[in-house]
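What follows is one structure encoded as structure tokens, with my remarks underneath.
Computed over heavy atoms, backbone and side chain alike; hydrogens, waters and symmetry mates excluded. A note on names: the letters A, B, ... follow the listed sequences, proteins ahead of strands, and every chain is numbered from 1.
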2 protein chains.
Amino acid sequence: MPRRYVSLKEVAARAGVSFQTASKVLNGGEVRVAAETAERIESAARELGYSPNTVARSLVQRTTYTIGLVAGSFADPALAELLIGAESAAREQGHAVLVSNLGGSGEGNVDVVRTLVERRVDGIVAAAPQLEEDTEVAELLRRYVPCVSLHHVPGGGVPLVGSNHRDVGRMATAHLAAAGRRHIGTVTGPYRRRVVRSRLRGYEDALRDGGLEASEDLVAESDWSPAGGAAAIRLLLEREPRLDAVFVQSDLMAVGVLAGLSAAGRTVPTEVAVVSCDDLAFAAYLNPPLTTVRLPLAETGARAVELLLQLTRGEEVDPAPVILPAELVVRASCGLGARDVPTTAPGRPGADHH
Amino acid sequence: MPRRYVSLKEVAARAGVSFQTASKVLNGGEVRVAAETAERIESAARELGYSPNTVARSLVQRTTYTIGLVAGSFADPALAELLIGAESAAREQGHAVLVSNLGGSGEGNVDVVRTLVERRVDGIVAAAPQLEEDTEVAELLRRYVPCVSLHHVPGGGVPLVGSNHRDVGRMATAHLAAAGRRHIGTVTGPYRRRVVRSRLRGYEDALRDGGLEASEDLVAESDWSPAGGAAAIRLLLEREPRLDAVFVQSDLMAVGVLAGLSAAGRTVPTEVAVVSCDDLAFAAYLNPPLTTVRLPLAETGARAVELLLQLTRGEEVDPAPVILPAELVVRASCGLGARDVPTTAPGRPGADHH
DNA sequence: TGGTCGTGAGAGAACGTTCGCTCAGCGGAG
DNA sequence: CTCCGCTGAGCGAACGTTCTCTCACGACCA
């Protein structure tokens, strides 16, 4: 296959006009070109299979119509949800999304961001908690490219989009307390993450409000994985056998927690009630269906992109963080409002991947 | 903030050399430049905060070091896994990944691919089953840009990377038959997808091999979602109350199937055995732990990218499809080899998103 | 008939690189 | 002393656009 791209020049030659005129017709907006000429150019373009070269256009316009999304790890289903929202918002405004997966190492973070900058993305959405402490990356962002983050960025000056995670923790835990549980534990993500600490604070708030005592024995740090959740609940039961409820910081860990409880012979919700957060697609179908705090993930991604594009257009934006409301979805695992498996609702559309 | 990029010209001026020489030092490979000059240029670049402009480089080199990934839907956790593999393979070779999410509509497919082409991506990885019948997109791909697909592409000429899904269906079903199940049903994805039909054929193969009778009553089409899975199993039980096993075409649907079975009062695996496929992170932690055919998703993504980059370099590639082996992972849901919840193994690392 | 104006088209420059050449300077061999 | 070849550096062009101006040409009005 030859697979050559034809340029404006060639199209113009075939239509008998200058390439600038061809440019006006094919890529320009509303410009004054005789209808007959325009038609000649258009048919020449069609015959030759002209495809505009965005690279050249970007060079002169100093805009790539591309944004970068740097992600903590796509292993997280929540991030996928976020990506969906971000991508569609970007597409709506004619932008494409360049993704970067940081992975665990933490070493190459700067390089990852640097490649995005060198590609001259118009802006960056940072969805990576590992950047929370990375002053080097923060410097890079502040210096070169507009950025919206879903997490705190050291040094400030980077708009934030997200939810109030202290509320998330409080909401979940308060629900358990209201259900009459007295020994409420929690399974968290890694402490070094802000969200984790925020949710933990919310958990403590709710305990206090409910007149319950907080205790280190009731808190188990984990790693967002189902395996981690299973290990954490085992630990919790060992330290506090009277445990009768647990707030889990993600649906994915909750899967492991349910498994761990079942392995320990505790029934959910009778003996131990469970509330988590995220509300991923499968949450309603676990056994028992998960009561969980729904985070507006797709919307968060979309809003982040919208804010970012405003920024790139040089528009004034409200410097206050954009806080999107989370909402408690009551199902069976908390022992209250024990709705069962939904029977008719199609729920979220399934993926169609294969 | 000014946020201006400095160019080679400015760096060169400060170092007292021509910009071409600066180019050699900063972006070129091994070139002959006096050590002292090079140093002057480098420190000028550092002081000015020079960041090479890949856009300009791409224009002259006619290579963007970027590949496109067109995805069916990121709602699918399997696709996320795939993206991880693809992204890291791409990064390893200095390429970035531009993602496009097709979504359900099917209308805008051509436009999605067209924007990738106009951005002059070096190649495209197609991970979207909805392109299976899209001759228009296939034409576009064949015409403009190297492509590797994870699904059949109409018209041929596009290398394929994937697994043998007939084997997947056979492996899963044969396992159930070997466990002595006599009324084995199946919950599938949408029939219009090839993988679905392939797995269905494998399912039928296994029934035949096991001396069991196939029946339309035993097959329920679904939509990859947990909700769909729940609905499908309900239908199946209604049509064939003697159902004692089911092969589910994805882990996500299996979650719904387990819920549906539980709602119908059937115990798993005693009364109904379940085998699915994918082996997502949570599969081992469901109740009961899922026996499932593990698909090498990340590896598939990585191999696709590697193949694609070979293609873009103009290297000869074996036109035969790359088939990556799938593997049955036996857990409890099939009623055989009832390993319980893993107790120590960390499993896959959890995501760290918050 | 001459000036003005609107319309359509093209000329030139610029965007920031890379690439292929040329060229000055210099040391060493003949 | 001449010639060669090597080294280090710069020059010009090219990549495919967009953008800003200028220009040719009629038509229209006075």
TODO: Tell me whether the OP1 or OP2 atom of C/dT18 has a side-chain N or O from B/N27 closer than 4.0 Å.
DONE: yes

Enumerate all atom pairs, one protein N or O and one N or O from nucleotides 5-9 of chain C, separated by less than 3.5 Å.
from: C/dG8; atom 1: N7; to: A/R32; atom 2: NH2; distance (Å): 2.9
from: C/dA9; atom 1: OP1; to: A/T37; atom 2: OG1; distance (Å): 2.4
from: C/dA9; atom 1: OP2; to: A/A34; atom 2: N; distance (Å): 2.8

Task: Distance, rounded to the nearest Å, where B/N53 contributes CG and C/dT18 contributes C1' - done: 13 Å

Open item on the list: Holding to side chain to side chain contact (heavy atoms under 4.5 Å, CB included), I want the full list of residues that pass it with B/I84, two or more places apart in sequence or in another chain.
Closed with: A/F74, A/A75, A/N101

Open item on the list: Please determine whether a side-chain nitrogen or oxygen atom of B/Y5 lies at a distance below 4.0 Å from atom OP1 or OP2 of C/dT17.
Closed with: no

Open item on the list: Which heavy atom of B/L79 sits nearest to which heavy atom of B/A127, and what is that distance?
Closed with: CD1-O, 4.0 Å

Open item on the list: Test of understanding: with side chain to side chain contact (heavy atoms under 4.5 Å, CB included), list the residues that count as partners of A/V112, not counting sequence neighbours.
Closed with: A/S100, A/L102, B/R91

- [ ] Go through the structure and list residues passing ring-ring contact (aromatic ring centres under 6.0 Å, His included) with A/F19, not counting sequence neighbours.
- [x] none

Task: Contacts of type salt bridge (charged side-chain N to carboxylate O under 4.0 Å, His left out), residue B/R313, not counting sequence neighbours - done: B/E315

Task: Ionic contact status for A/R40 with A/E36, cut-off 4.0 Å - done: yes

Task: Rounded distance in Å - CD (B/Q61) to P (C/dT17) - done: 12 Å

- [ ] List in chain and number order the residues that pass side chain to side chain contact (heavy atoms under 4.5 Å, CB included) with A/E133, two or more places apart in sequence or in another chain; answer none if no residue qualifies.
- [x] A/R192, A/R193

Open item on the list: Just to verify, what does B/E39 make a salt bridge (charged side-chain N to carboxylate O under 4.0 Å, His left out) with, not counting sequence neighbours?
Closed with: none

Open item on the list: Can you list everything that forms a side chain to side chain contact (heavy atoms under 4.5 Å, CB included) with A/T21? Sequence neighbours excluded, please.
Closed with: A/V17, A/S18, A/V33, A/I41

Open item on the list: Report for the helix from C/dT1-D/dA30 to C/dG30-D/dC1: angle between first-end and last-end helix axes, five pairs each, rounded to 10 degrees.
Closed with: 70°

- [ ] Could you state the atom-to-atom distance from CD of B/Q20 to P of C/dG20 in whole Å?
- [x] 14 Å

TODO: Describe the nucleic acid contact of B/S7 in one word from base, sugar-phosphate, nothing, applying a heavy-atom distance below 4.0 Å.
DONE: sugar-phosphate

For residues 297-306 of chain A, dump all side-chain donor-acceptor pairs below 3.5 Å to protein atoms at least two apart in sequence or in another chain.
from: A/T300; atom 1: OG1; to: A/P296; atom 2: O; distance (Å): 2.6

Open item on the list: Among residues at least two apart in sequence or on other chains, which ones pass salt bridge (charged side-chain N to carboxylate O under 4.0 Å, His left out) with B/E118?
Closed with: none

- [ ] Heavy atoms of chain A, cut-off under 4.0 Å: which first and last nucleotide of DNA chain D, 5' to 3', fall inside that, if you could look?
- [x] D/dG16 to D/dC19

